[in-house]
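Quantities reported herein were computed from a predicted structural model and do not represent experimental measurements. Order of listing sets the numbers, starting from 1, for every ligand and every atom in it. The chain is numbered in sequence order, starting from 1.
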Amino acid sequence: MNTGCVFCKISEDKIQARKIYQSNDIIAFHDINPQAPVHVLVIPRRHIRNLLEADEQDASLIGRMLIVTTQIAKQLNIAESGYRIVINTNRNAGQSIDHLHIHLLGGRAMQWPPG
Ligand code: AMP
Ligand code: ZN
């Protein structure tokens with residue numbers, strides 16, 4: 001738990017979120033400011049600042065986060081039409097919450113290159 005971290009607080013049920021998946025080390029919830037019809041965040045419960053702070057020991061955790069993301073895409077019916085996953089890292093990418101998270105976006109056509 002990183003005091004002051006909003007995603008740690010969501011993990012510990014100190015802040016409400018529309019959770020759609022929970023396990024002992026991963027949770028997923030709807031983004032509060034959705035950028036697509038489906039916009040879900042998948043996070044580790046443990047406070048990892050971003051991918052730069054992850055190491056070899058986190059490989060299984062991060063792999064399972066991707067599997068969970070895929071399962072949610074199927075569950076929310078955006079798998080066939082297509083979806084995008086995004087992991088913003090540091091300032092230029094627009095990382096605003098310093099707790100590792102996968103964005104799952106779908107339900108509309110995406111632009112490429114991304115903004
Ligand atoms: P990023 O800009 O990549 O760090 O993404 C952070 C995301 O967290 C943004 O899409 C925000 O809308 C979302 N967000 C911030 N606070 C909350 C919250 N309390 N519940 C759900 N999503 C949030
Ligand atoms: Zn945190």
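Within the 3.5 Å criterion, the main-chain N or O of P44 finds a donor-acceptor partner in the side chain of H99. Between the side chain of H47 and the main chain of D98, a donor-acceptor pair closer than 3.5 Å is present. Here the side chain of S11 pairs no donor or acceptor atom with the backbone of F7 at under 3.5 angstrom. Of the possible donor and acceptor atoms, none in the side chain of E80 sits under 3.5 Å from a partner among the backbone N and O of G82.
Atoms of ligand 1 found under 4.0 Å from any heavy atom of H103 (numbered from 1 in listed order, with element): 1 (P), 3 (O), 5 (O), 7 (C), 10 (O). Taking every non-hydrogen atom of N88 and a distance limit under 4.0 Å, the qualifying atoms of ligand 1 come out as 3 (O). Counting the atoms of ligand 1 from 1 in the order shown, those under 4.0 Å from a heavy atom of N33 are 12 (O). The atoms of ligand 1 that sit less than 4.0 Å from any heavy atom of I10 are 18 (C), 19 (N), 20 (N).
Scanning all protein heavy atoms for the shortest distance to atom 10 (O) of ligand 1 gives D31 OD2, 2.5 Å. The single protein non-hydrogen atom nearest to atom 5 (O) of ligand 1 is H101 NE2, 3.0 Å, given as residue, atom name and distance. Nearest protein heavy-atom contact of atom 4 (O) of ligand 1 is S96 N, 2.7 Å. Considering only non-hydrogen protein atoms, atom 8 (O) of ligand 1 sits nearest to F7 CZ, 3.4 Å.
Taking a 4.0 Å cut-off on heavy atoms, A17 fails to register as neighbouring ligand 1.
Applying the side chain to side chain donor-acceptor pair (under 3.5 Å) test to pairs two or more places apart or on separate chains, none has a residue in residues 106-115.
The heavy-atom pair separating I20 from H30 by the smallest distance is CG2-NE2, 3.3 Å. The two residues P37 and G107 come nearest to each other via the heavy atoms CG-O, 3.4 Å. Nearest heavy atom pair, residue A73 against residue L104, reads N-CD2, 3.9 Å.
Residue Q95 places no N or O, backbone or side chain, under 3.5 Å from any N or O of ligand 1. Inclusion of H39 in the set of residues having an N or O under 3.5 Å from an N or O of ligand 1 is not warranted. Between I32 and ligand 1, at least one N/O pair is under 3.5 Å apart. Ligand 1 has no nitrogen or oxygen under 3.5 angstrom from a nitrogen or oxygen of I15. Not one N or O of L41 is nearer than 3.5 Å to an N or O of ligand 1, by distance alone. Polar contact check, H30 against ligand 1: no nitrogen or oxygen pair lies under 3.5 Å apart.
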Name every donor-acceptor pair, under 3.5 Å, that has one atom in a side chain of residues 53-64 and the other anywhere in the protein, sequence neighbours excluded.
{"residue": "E53", "atom": "OE1", "partner": "R49", "partner atom": "N", "Å": "3.0"}
{"residue": "D55", "atom": "OD1", "partner": "Q57", "partner atom": "N", "Å": "3.0"}
{"residue": "D58", "atom": "OD1", "partner": "R46", "partner atom": "NH2", "Å": "2.4"}
{"residue": "D58", "atom": "OD2", "partner": "D55", "partner atom": "N", "Å": "3.0"}
{"residue": "S60", "atom": "OG", "partner": "R64", "partner atom": "NE", "Å": "3.2"}
{"residue": "R64", "atom": "NH1", "partner": "D25", "partner atom": "OD1", "Å": "3.2"}
{"residue": "R64", "atom": "NH1", "partner": "D25", "partner atom": "OD2", "Å": "3.1"}
{"residue": "R64", "atom": "NH2", "partner": "D25", "partner atom": "OD2", "Å": "2.9"}

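The side chain to side chain contact (heavy atoms under 4.5 Å, CB included) test with Y21 singles out one residue from V42, I27, I26, and that residue is I26. Paired with F29 under the rule side chain to side chain contact (heavy atoms under 4.5 Å, CB included), one option of K19, Q16, R18, H101 passes, and it is K19.
For the Zn ion (ligand 2), protein N/O/S neighbours under 2.8 Å (waters excluded) are C5 SG, C8 SG, H47 ND1, H99 ND1.
When the side-chain contact (heavy atoms from CB on, under 4.5 Å) test is applied to N33, the partners found at least two apart in sequence or on another chain are D31, Q35.
Ring planes of H39 and H103: tilted class, angle from 30 to 60°.
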